[in-house]
Amino acid sequence: MSAPLEVTFAAELQAVAGVGERLQALCAAAGVGADEAGEIELAVVEAVNNTIEHAYAFAPGREIQLAAEIHGGWLTARISDSGRSMPAGLLDSVPASMDFDPAAIADLPEGGMGLVLIKQLMDRVDYQTLEGRNTFTLARRLRSVAPSNGGEGH
Amino acid sequence: MNIGDSERNGVLVATVNAQRIDAAVAPDFKEALARIVCSPGKRNVIDLGQVTFIDSTGLGALVALLKMPNGPRELAIAGAKGQVETLFRLTRMNKVFRMFGTVDEAVTDMGHGRGVT
């Protein structure tokens, strides 16, 4: 059992490491294994990076909220912002894995991996816009924590 | 970013002395590595053994090195573990870079007299 995490932070890349630390602390308190906690942090960091780059286009003075909790064997993280929404249908159209020819060096992707990774790392994803506020919800059934240990139960 | 470099058995070893490679440091990461691994004709291994977290931006910086016109002839990764190894595997970049458990394994495989024990 661990207390939920709620943090509001500046939408800038320099702030992301600190948010990652808070998320790691949440995972550690719930007994999530180090490798799994790293995968959870990766998914959340990719979502936050996308928000900074696409929703806010690196504009200064904007904020992002992260709410995360571990309950009943699931990790749920909600990343919300008041910037430009992700285009409708984009999340559904994301491929299940990166598709490229490993031998074609000149054509290798240097970006565009974030949403693919998020869907690979999470069991459920959802994106909603309500009254100008976008909320990206990421949920993962924890592999390294038994449901009875992963939250306060029902 | 602090990146050490040494040459072992004809292989240039770039040691990343950092635990976290994310979007905030990826441009520095790429620039610092480019100064080391872009010597024409060299075989290179990047030691990620100290890195505990890397995001897709950091990985993209490594891919960008490969694509540089004067880029390295051979670029391998050593010491990727935990989340770092997972990122290479999920993105399939473990098919692009040769992956070694340790620098020693990489140097043995890539260096002069490869195959000789």
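Residue-environment remark: CZ (A:Arg78) stays at or below the threshold of 12 foreign heavy atoms within 6.0 Å. Within a 6.0 Å radius of NZ in B:Lys81, other residues, nucleotides and ligands contribute more than 12 heavy atoms. Within a 6.0 Å radius of NZ in B:Lys30, other residues, nucleotides and ligands contribute 12 heavy atoms or fewer.
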Next on the checklist: Apply side-chain contact (heavy atoms from CB on, under 4.5 Å) to residues B:Leu90 and A:Leu121 and explain how you reach the verdict.
Outcome noted: CA-CA 9 Å; B:Leu90 289 180; A:Leu121 292 165; 3.5 Å; yes

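Taking both residues in full, the closest heavy atoms of A:Leu42 and B:Asp55 are given as CD1-CA, 3.7 Å, listed atom of the first, atom of the second, then distance. Between A:Met113 and B:Leu59, the closest heavy-atom pair is SD-CD2, 4.0 Å.
Of the inter-residue distances, the one linking A:Asn49 atom CG with B:Thr57 atom OG1 reads 5.0 Å to the nearest 0.5 angstrom. Rounding to the nearest 0.5 Å places CD of A:Glu110 at 11.5 Å from OG of B:Ser56. Note: A:Glu36 CD to B:Thr86 OG1 = 10.5 Å, rounded to the nearest 0.5 Å.
If you measure heavy-atom distances from A:Ala17 to chain B, the contacts under 4.5 Å come from both the backbone and the side chain. Heavy atoms of A:Ile52 lying under 4.5 Å from chain B are absent altogether. Interface remark: A:Glu41 contributes backbone and side-chain atoms alike to the contact with chain B (heavy atom separation under 4.5 Å). In this structure, the portions of A:Glu39 lying under 4.5 Å from any heavy atom of chain B include both its backbone and its side chain. A:Val45 touches chain B through its side chain: at least one heavy atom from C-beta onward sits under 4.5 Å away, while N, CA, C and O do not.
For A:Glu21 and B:Arg20, the salt-bridge test fails: no basic side-chain N is under 4.0 Å from an acidic carboxylate O.
Of the possible donor and acceptor atoms, one in the side chain of B:Lys67 sits under 3.5 Å from a partner among the backbone N and O of A:Leu108. B:Arg92 contributes a side-chain N or O that, together with a main-chain N or O of A:Phe100, makes up a donor-acceptor pair within less than 3.5 Å.
A heavy-atom distance below 4.5 Å is not found between the side chains of A:Asp35 and B:Gln83.
When A:Pro109, A:Gly111, A:Gly114 are compared by the number of non-hydrogen pairs under 4.5 Å with chain B, A:Pro109 comes out ahead.
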